[in-house]
Amino acid sequence: MGERVLVNGARLLDNLSAMSTFGINPHGGIDRAFAQESDRQVRAWILEMWARMGLETGTDAIANLWGKKHGSENLAPIVFGSHHDAVPDGGKYDGAMGVIIATEIMQTILERQIPTRHPLAVVSFTAEEPNAFNLSTLGSKVLCGRLAKEDLLSKTDRSGKVRLEDAVKELGGNLHHLDEARLHSGDIAAFLEAHNELGRQLEIRDLSVGAAASITGIYREKITVTGESNHAGTTMMQDRKDAFLSLSEIAAALERGALQRNSPEVTATMGYVNLHPNEANIIPGSAEGIIDIRTSNDEDLQFVLGFVEEAAEKARSRRGVQVLRECLLDQKAQPLDPFVREAILHGMAAEGEPEVTLTSMAGHDAANMQRIAPSGMIFVRSVGGYGHCRREYCRPEDIVKAANAMLFAVLELDQSMDAAKPQPAETAAAVNWEAAS
Ligand code: HGY
Ligand code: MN
Ligand code: MN
């Protein structure tokens with residue numbers, strides 16, 4: 001391949017700092033949830049940056065952002081990127097780092113005038129994180145056909161007041177044109193995503209980077225408990241139907257179930273709760289919680305869910321409450337593509353790093369992209385193992401290493417992939433933003 005091409009590390013880190021100013025709160029965390037003002041602002045910033053680089057930019061029907069350059073052959077594009085939204089009070093790296101690494105790789109290829117056979121595209125996905133619409137990895141789920149237009153058109157946020165259709169429209173998408181954003185096998189030659197690991201696997205082994213072999217399964221369920229609101233002082237303890245206590249017992253049972261599996265690859269969390277009326281002198285009349293269970297193994301999932309049902313049943317009979325359970329997400333573990341992984345491992349080796357692979361216990365857009373295109377991920381060590389909190393941190397040298405390894409992988413795949421030539425219509429669909437922008 002001749003002389004090794006490297007990214008501009010200083011520019012990459014500067015751009016990452018600049019992106020971290022969007023939605024930064026007084027505590028240093030990032031508030032950049034789907035459809036917030038900070039989401040709108042960062043989108044404009046990203047598109048402007050890509051346009052300045054000379055990319056053809058656009059927003060597709062679900063408001064994913066794209067920046068594309070042509071290749072020398074009529075092939076499907078190699079796509080790389082991540083997401084720009086963040087969890088509440090989140091870190092500066094989750095999603096943002098992958099978008100900026102992708103941007104830097106593209107910029108390096110452009111300014112070094114490296115010819116590529118495939119068209120290349122950078123992408124920043126819509127609503128990767130859970131949000132007020134209870135939809136995570138929304139942008140990539142739409143691309144791979146996991147969500148139906150009719151279901152999305154009827155969706156509102158948790159308050160019931162904001163329609164998803166309007167939120168997407170404000171960001172430049174259009175739910176009515178959703179079918180145009182849909183991609184199929186062959187539309188994309190390969191998808192690559194860089195991400196902070198969000199856990200401690202790399203740190204425990206004192207490694208800078210690793211390649212993902214697969215992405216854990218994620219199961220989410222909304223639990224609604226309906227009891228009875230009443231006076232906190234005058235209602236005797238034996239006369240209550242306390243919805244919060246019932247929900248708490250379910251949360252505790254969830255933990256017991258996951259602990260009994262005794263595996264780093266089985267986790268269970270109730271991270272969202274909402275009480276009504278939520279006042280110090282009123283017994284909670286209703287309580288809503290969302291549970292999140294992660295495992296690659298269906299037996300583990302059923303085992304933990306058994307604890308949930310048992311606790312729900314006890315609450316019904318002992319506390320006289322109603323417990324409703326509604327599945328929000330049941331996503332099975334997703335192995336990623338071995339060929340793309342090999343290219344990433346070659347990139348890591350070129351950086352002098354051991355060729356290590358791991359299972360991701362975090363969910364990612366790449367799990368959806370793998371359904372339609374060979375996909376791979378490179379992880380950057382998370383110092384202290386922090387993720388989804390403002391303490392997220394990656395060392396600059398590790399970030400630059402990941403970028404260089406991924407650049408290597410993109411260029412290797414560009415040479416080695418023999419993607420079938422798509423029909424012209426499919427090529428257009430692969431990054432079809434015109435209709436929506
Ligand atoms: O929830 C997840 O694992 C992802 O970071 N959105
Ligand atoms: Mn995340
Ligand atoms: Mn992420």
Side-chain angles (χ1 to χ4, degrees), residues 16 19-20 22-23 29-34 36 39 42 46 64-65 80-102 123-141 146 191-201 210 212 214-221 258 264-272 290-296 328-334 336 358-370 375-382 385-394 399 402 406:
L16 183 56
M19 188 159 169
S20 311
F22 292 90
I30 304 293
D31 288 314
R32 206 164 58 218
F34 169 57
Q36 281 187 343
D39 180 7
V42 81
I46 291 169
N64 295 315
L65 309 178
F80 33 101
S82 189
H83 61 97
H84 54 266
D85 65 319
V87 296
D89 200 14
K92 296 174 180 166
Y93 300 84
D94 184 342
M97 189 179 74
V99 172
I100 295 300
I101 285 180
V123 64
S124 189
F125 290 111
T126 289
E128 194 272 349
E129 302 288 5
N131 47 61
F133 296 88
N134 286 336
L135 286 165
S136 52
T137 60
L138 173 59
S140 55
K141 274 192 187 122
R146 285 185 66 193
F191 172 73
L192 294 90
E193 178 172 8
H195 208 283
N196 49 334
E197 187 210 321
L198 301 161
R200 284 180 61 229
Q201 298 185 66
S214 73
I215 296 180
T216 183
I218 306 180
Y219 176 91
R220 289 203 189 108
E221 181 178 304
E265 297 192 1
V266 180
T267 63
T269 309
M270 186 182 291
Y272 173 87
I290 298 180
I291 62 176
D292 174 303
I293 303 173
R294 302 194 179 204
T295 170
S296 298
L328 299 176
L329 177 72
D330 187 4
Q331 181 169 300
K332 301 301 173 203
Q334 178 65 66
L336 296 178
L358 25 141
T359 301
S360 174
M361 287 304 289
H364 296 288
D365 290 307
N368 292 325
M369 297 306 283
Q370 173 63 37
S375 300
M377 291 191 76
I378 182 163
F379 288 134
V380 183
R381 173 184 184 148
S382 288
Y386 289 106
H388 284 180
C389 61
R390 57 178 108 112
R391 293 184 74 170
E392 276 183 13
Y393 179 67
C394 293
I399 299 174
M406 195 162 122

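Order of appearance sets the numbers: ligands from 1, and atoms from 1 within every ligand. If you're wondering where the values come from, they're calculated on a predicted model, not measured in any experiment.
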List the atom of A212, the atom of F379, and the distance in Å for their closest heavy-atom pair. CB-CE1, 3.5 Å
Apply the side-chain hydrogen bond (donor to acceptor under 3.5 Å, both in side chains) test between S136 and each candidate in E129, R220, E128; give the one that qualifies. R220
Going by distance alone, is a donor N or O of one side chain under 3.5 Å from an acceptor N or O of the other, for S82 and E193? yes
Evaluate the criterion side chain to side chain donor-acceptor pair (under 3.5 Å) for residue pair D31 and Q36; output intermediate values, then yes/no. CA-CA 8 Å; D31 288 314; Q36 281 187 343; 5.9 Å; no
Anything under 30° is parallel, anything over 60° is perpendicular, the rest tilted; go ahead and classify F34 against F133. perpendicular
In Å, rounded to the nearest 0.5 Å, how long is the span from CE of M361 to OG1 of T267? 4.5 Å
Distances for all N or O pairs of ligand 1 and the protein under 3.5 Å?
residue: ligand 1; atom: 1 (O); partner: R294; partner atom: NH2; Å: 2.9
residue: ligand 1; atom: 3 (O); partner: R294; partner atom: NH1; Å: 2.6
residue: ligand 1; atom: 3 (O); partner: R294; partner atom: NH2; Å: 3.3
residue: ligand 1; atom: 3 (O); partner: G363; partner atom: N; Å: 2.7
residue: ligand 1; atom: 5 (O); partner: H388; partner atom: NE2; Å: 2.9
residue: ligand 1; atom: 6 (N); partner: E128; partner atom: OE1; Å: 2.9
residue: ligand 1; atom: 6 (N); partner: E128; partner atom: OE2; Å: 3.1
residue: ligand 1; atom: 6 (N); partner: E129; partner atom: OE1; Å: 2.8

Side-chain donor-acceptor pair under 3.5 Å between R146 and T137, yes or no? no
Spatial distance of atom CZ (R381) from atom CD (Q201) [nearest 0.5 Å]: 13.0 Å
Per the side-chain contact (heavy atoms from CB on, under 4.5 Å) rule, which among I101, D94, I100 passes with M97? I101
Listing by chain and number, what protein N/O/S atoms are under 2.8 Å from the Mn ion (ligand 3)? H83 NE2, D94 OD1, H195 NE2
